[in-house]
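Notes for the one structure printed next.
In this chain, numbering begins with 1 at the start of the sequence shown.
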Amino acid sequence: QVQLVESGGGLVQSGGSLRLSCAASGRTFSSYIMGWFRQAPGKEREFVAAISRSGGRTYYADSVLGRFTISRDNAKNTVYLQMNSLNPEDTAVYYCARDGRPFRGFETVVAGTWNGMDYWGKGTLVTVSS
């Protein structure tokens, strides 16, 4: 059983920055594409960013492109989300998730619907005040 534990959320003023972390259990972390998602109050969960197994390729939602950076440290079984220039529309619970199958092609995953993510963390709340 894989466990994903997010941390780093909190309250920040508009224009500020936060860095989220997601620590994963297990020995096969580097075999999977990882992603960050978020759910704002009253809205559906949405994709934020994804990163390939090696960390060499990334993909972002248009709403965060240029402001957020996803990265990973496979030696530490951890994926990060650096969030800069935050605005109140970024207020949400942020979740990390793991792709459902190991060694899948990055283009295949990002072209899909993200329904294949099989393990999810419990989330960390980010609140951006105006």
Side-chain angles (χ1 to χ4, degrees):
Q1 186 79 2
V2 173
Q3 289 189 326
L4 303 176
V5 180
E6 302 95 339
S7 62
L11 174 64
V12 63
Q13 288 188 335
S14 184
S17 299
L18 281 176
R19 188 194 196 202
L20 306 183
S21 300
C22 172
S25 64
R27 301 181 181 180
T28 59
F29 178 75
S30 62
S31 301
Y32 293 86
I33 292 165
M34 298 294 295
W36 284 97
F37 298 76
R38 67 185 181 185
Q39 187 167 17
K43 295 186 178 180
E44 293 187 352
R45 187 168 58 195
E46 65 176 1
F47 165 77
V48 174
I51 189 165
S52 63
R53 293 178 280 113
S54 69
R57 298 161 81 177
T58 57
Y59 180 72
Y60 298 92
D62 289 344
S63 58
V64 307
L65 188 62
R67 300 188 298 123
F68 290 11
T69 302
I70 187 172
S71 62
R72 68 191 295 165
D73 185 336
N74 287 338
K76 295 182 178 180
N77 277 19
T78 302
V79 60
Y80 305 96
L81 186 68
Q82 176 67 44
M83 305 185 296
N84 298 328
S85 302
L86 286 161
N87 59 63
E89 290 70 37
D90 296 315
T91 294
V93 177
Y94 284 72
Y95 301 89
C96 70
R98 193 191 79 169
D99 185 39
R101 299 208 310 259
F103 305 112
R104 282 219 292 170
F106 192 63
E107 295 84 356
T108 298
V109 174
V110 300
T113 61
W114 305 106
N115 289 335
M117 309 302 278
D118 65 347
Y119 285 101
W120 295 80
K122 294 183 178 180
T124 185
L125 176 62
V126 172
T127 304
V128 184
S129 63
S130 58

Does the side chain of Ser14 come under 3.5 Å of the side chain of Asn87 through a donor N or O and an acceptor N or O? no

Pairs touching residues 16-30 that satisfy salt bridge (Lys or Arg N to Asp or Glu O under 4.0 Å), sequence neighbours left out: none

When you group the ILVMFWY residues by side-chain heavy-atom contacts below 4.5 Å and let the links chain together, are Val79 and Val93 in the same group? no

Would you compute the distance between atom OG1 of Thr108 and atom CG of Asp99 and round it to the nearest 0.5 angstrom? 9.5 Å

Using the side-chain hydrogen bond (donor to acceptor under 3.5 Å, both in side chains) rule, collect all pairs that involve residues 117-130, keeping only residues at least two apart or in two chains. Arg98-Asp118

Under the ring-ring contact (aromatic ring centres under 6.0 Å, His included) rule, collect the residues that match up with Trp114, sequence neighbours excluded. Phe37, Phe47

Pairs satisfying disulfide (SG to SG under 2.5 Å), at least one member in residues 30-116, at least two apart: Cys22-Cys96

If hydrophobic clusters are built by linking Ile, Leu, Val, Met, Phe, Trp and Tyr wherever their side-chain heavy atoms come under 4.5 Å apart, do Leu18 and Val64 end up in the same one? yes

Distance (rounded to the nearest 0.5 Å) between Leu125 CG and Thr91 OG1: 8.0 Å

The reported gap from OH in Tyr95 to CD in Gln39 (rounded to nearest 0.5 angstrom) is 5.5 Å

Residues that Ser30 engages under side-chain contact (heavy atoms from CB on, under 4.5 Å), provided they are two or more places apart: Asn74

Report whether Phe106 and Tyr32 are members of the same hydrophobic cluster (ILVMFWY, side-chain heavy atoms less than 4.5 Å apart, transitive linking). no

Gap between atom CG of Leu4 and atom CG of Asn77 - 0.5 Å precision: 10.0 Å

Does anything in residues 60-85 pair up under ring-ring contact (aromatic ring centres under 6.0 Å, His included), and if so which pairs, sequence neighbours excluded? none

What residues, two or more places apart in sequence or in another chain, satisfy side chain to side chain donor-acceptor pair (under 3.5 Å) together with Ser85? none

Same cluster for Leu11 and Val128 if Ile/Leu/Val/Met/Phe/Trp/Tyr side chains link at under 4.5 Å? no

Output for pair (Met83 CE, Trp36 CH2), nearest 0.5 Å, gives 8.0 Å

For Gln3, does the CD atom sit with more than 12 other heavy atoms under 6.0 Å from it, leaving out its own atoms? no

By side-chain contact (heavy atoms from CB on, under 4.5 Å), which residues pair with Ser31, not counting sequence neighbours? Thr28, Pro102, Phe103

According to side-chain contact (heavy atoms from CB on, under 4.5 Å), who are the partners of Ala23, at least two apart in sequence or on a separate chain? Thr78

Check the hydrophobic clustering (I, L, V, M, F, W, Y; side-chain heavy atoms under 4.5 Å; chains of links allowed) and say if Met117 and Tyr94 are grouped together. no

Under the side-chain contact (heavy atoms from CB on, under 4.5 Å) rule, collect the residues that match up with Ser7, sequence neighbours excluded. Ser21

Listing request: all salt bridge (Lys or Arg N to Asp or Glu O under 4.0 Å) pairs with a residue in residues 77-92, at least two apart in sequence or in separate chains. Arg38-Asp90, Arg67-Asp90

Can you run down the salt bridge (Lys or Arg N to Asp or Glu O under 4.0 Å) pairs that involve residues 69-85, sequence neighbours left out, and say none if there aren't any? none

